[in-house]
Chemist: 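Would you mind keeping the following structure in view while I ask a few things?
Just so it is clear, the values below take in all heavy atoms, side chains as well, and ignore hydrogens, waters and symmetry mates. Numbering of ligands and ligand atoms starts at 1, following listing order. Counting begins at 1 with the first residue of the sequence.
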Amino acid sequence: MGFMAGKRALIVGVASDRSIATGIAEALNDKLKSRVEKLAKRLGQDTSLLFPCDVSSDEEIDAVFESLGKSWDGLDILVHSVGFAPREQLEGGFTESITREGFAISHDISAYSLAALAKSALPMMEGRNGSVLTLTYNAATQVVPNYNVMGLAKASLESCMRFLAADLGPKGIRVNAISAGAVKTLAAAGIGGFRKMLGYAEKASPLRRTVTIEEIGNTAAFLCSDLASGITGETTFVDAGANIMGMVFEED
Ligand code: 0WE
């Protein structure tokens, strides 16, 4: 892809072949453990540039950029595709399921990690038309059953994205989010009633289908490229239009 030529990208959040981060890695094709190594090999990517990273640890985050700095003199693109809440937070009613610890963990892993990664990446990204991208979900602003405290964490993440955009804009770094429709990933596999949710998206979205990780990847490639040089602080929906619907009637 010509508009990605010469760009160096770090993609955080590749858990499996079905991860949204995988779709993004494939679309960026940025001549970018075991499952991830297979992906890296498939993309012709140097497996020495794969790093494990627990984003709840500042030391591990700093270690990633220290290691990356040994191979790369700069970084153009940082993709944050990370989100987690303890399983039991994503079940049942909001009031009954939310806990102080569930709140703290979900916000730490899903929202603070964007700020932490951007902070640590900054020395490598400054002064080269850099781009930061995160993945969010519409439950940041509209209630989705069972998403619970993750909705609060995504609201925090979207706000974090805007504050970073305002702060890093003068340094030439754009910061944006993709709000993706539900996709069947490894993370989603553990969620009760997820198939029902995908079925709903197929009925309720204007395009009458769910979106693919390829479609999310293509939008990510656009937003991270110089084609999107005028866009920052923006949330772009890649959801087959689902978010525009205020009411949906059953169809036969
Ligand atoms: O952001 C997400 C899910 C992220 C996620 C997934 C898990 C499953 C395993 C965060 N934490 C965990 N924790 C686990 O233990 N999505 C946008 C997908 C998703 O998850 C839902 C959804 C949708 C959509 C959970 C409940 C309701 C809807």
Side-chain angles (χ1 to χ4, degrees), residues 11-24 35 53-56 79-114 116-117 133-161 176-205 207 209-217 219-220 235-245 248:
I11 300 173
V12 183
V14 178
S16 80
D17 272 359
R18 287 184 181 171
S19 292
I20 288 174
T22 300
I24 294 172
R35 286 194 198 112
C53 181
D54 175 352
V55 295
S56 70
V79 177
H80 171 270
S81 186
V82 179
F84 178 80
R87 171 82 54 93
E88 62 280 7
Q89 294 289 303
L90 300 172
E91 295 163 357
F94 175 75
T95 315
E96 74 176 351
S97 76
I98 194 165
T99 63
R100 192 180 295 279
E101 198 195 4
F103 179 97
I105 293 171
S106 59
H107 283 68
D108 186 24
I109 306 294
S110 312
Y112 179 69
S113 61
L114 175 65
L117 283 163
L133 180 72
T134 188
L135 274 294
T136 186
Y137 180 56
N138 196 30
T141 56
Q142 305 216 275
V143 174
V144 172
N146 301 319
Y147 201 70
N148 296 345
V149 74
M150 271 303 294
L152 284 61
K154 289 300 194 189
S156 173
L157 174 71
E158 290 181 13
S159 185
C160 181
M161 176 275 291
N176 291 288
I178 287 176
S179 187
V183 178
K184 198 171 172 207
T185 61
L186 197 63
I191 293 158
F194 198 76
R195 274 185 39 201
K196 231 166 91 181
M197 254 177 294
L198 294 175
Y200 177 82
E202 283 167 7
K203 291 199 178 76
S205 62
L207 298 182
R209 60 178 179 84
T210 56
V211 295
T212 63
I213 61 169
E214 288 77 18
E215 290 174 316
I216 298 166
T219 304
T235 300
T236 300
F237 284 93
V238 182
D239 66 347
N243 75 92
I244 69 167
M245 304 305 293
V248 177

Chemist: Do the non-hydrogen side-chain atoms of Ile20 and Ile178 ever get within less than 4.5 Å of each other?
Modeler: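 No; the side chains remain at least 4.5 Å from each other.
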Chemist: Under 3.5 Å, is there a donor-acceptor pair between the side chain of Thr219 and the main chain of Glu215?
Modeler: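 Flag set: sc Thr219 to bb Glu215 pair under 3.5 Å.
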Chemist: Are the side chain of Ser205 and the backbone of Glu202 linked by a donor-acceptor contact shorter than 3.5 Å?
Modeler: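 A pair under 3.5 Å: no.
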Chemist: Between Tyr137 and Val144, is the side-chain contact (heavy atoms from CB on, under 4.5 Å) condition met? List the steps.
Modeler: CA-CA 10 Å; Tyr137 180 56; Val144 172; 4.0 Å; yes
Chemist: Taking Lys184 as the fixed residue, which of Thr212, Leu198, Thr210, Ile213 is the one that meets the side-chain contact (heavy atoms from CB on, under 4.5 Å) rule?
Modeler: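 One option only clears the test, and that one is Leu198.
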Chemist: Say whether Ala188 and ligand 1 are in contact under the criterion: heavy-atom distance to a ligand atom below 4.0 Å.
Modeler: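 No, Ala188 has no heavy atom closer than 4.0 Å to ligand 1.
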Chemist: Among all protein heavy atoms, pick the one closest to atom 28 (C) of ligand 1 and tell me residue, atom and distance.
Modeler: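 Minimum-distance protein heavy atom for atom 28 (C) of ligand 1 reads Met197 SD, 3.0 Å.
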Chemist: Which residue holds the protein heavy atom closest to atom 4 (C) of ligand 1, what is that atom called, and what is the gap in Å?
Modeler: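 Result: Gly83 O, 4.3 Å.
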Chemist: Could you list the atoms of ligand 1 found under 4.0 angstrom from a heavy atom of Leu90?
Modeler: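 Per the distance check, 7 (C), 10 (C), 11 (N), 12 (C), 13 (N).
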Chemist: Which atoms of ligand 1 have any heavy atom of Arg87 under 4.0 Å away?
Modeler: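 Listed by number with element, the hits are 9 (C), 14 (C), 15 (O).
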Chemist: Between Thr22 and Arg18, is there a donor-acceptor pair closer than 3.5 Å when you use the side chain of the first and the backbone of the second?
Modeler: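 No, the answer is negative, given that no donor and acceptor are paired below the 3.5 Å cut-off.
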Chemist: Any heavy atom of Ala180 closer to ligand 1 than 4.0 angstrom?
Modeler: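 Outside the 4.0 Å threshold, so no.
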Chemist: Who's the nearest protein heavy-atom neighbour of atom 13 (N) of ligand 1, and how far?
Modeler: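 Ranked first by proximity to atom 13 (N) of ligand 1 is Ala85 O, 2.7 Å.
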Chemist: Is the backbone N or O of Ser97 less than 3.5 Å from a side-chain atom of Gln89, with the two atoms forming a donor-acceptor pair by type?
Modeler: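 Yes; at least one donor-acceptor contact below 3.5 Å.
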Chemist: May I ask you to identify the nearest protein heavy atom to atom 1 (O) of ligand 1, giving residue, atom name and distance to one decimal place in Å?
Modeler: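 In this structure, atom 1 (O) of ligand 1 has Tyr147 OH, 2.7 Å as its nearest protein heavy atom.
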Chemist: Can you figure out which of Tyr200, Phe194, Phe84, Tyr137 has its heavy atom closest to atom 10 (C) of ligand 1?
Modeler: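 The residue whose heavy atom sits nearest atom 10 (C) of ligand 1 is Phe84.
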Chemist: Do me a favour and list the nearest non-hydrogen protein atom to atom 20 (O) of ligand 1 with residue, atom name and distance?
Modeler: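 Checked against all protein heavy atoms, atom 20 (O) of ligand 1 sits closest to Ile191 CD1, 3.0 Å.
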Chemist: For atom 8 (C) of ligand 1, what's the nearest protein heavy atom and its distance?
Modeler: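 Among all protein heavy atoms, the one nearest atom 8 (C) of ligand 1 is Ala187 O, 2.9 Å.
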Chemist: Could you check atom 27 (C) of ligand 1 against the protein and tell me its nearest heavy-atom contact, residue, atom and distance included?
Modeler: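 Result: Pro145 O, 3.4 Å.
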Chemist: Can you find a pair of side-chain heavy atoms, one from Leu186 and one from Arg35, that are under 4.5 Å apart?
Modeler: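 In short, these two side chains touch, coming nearer than 4.5 Å.
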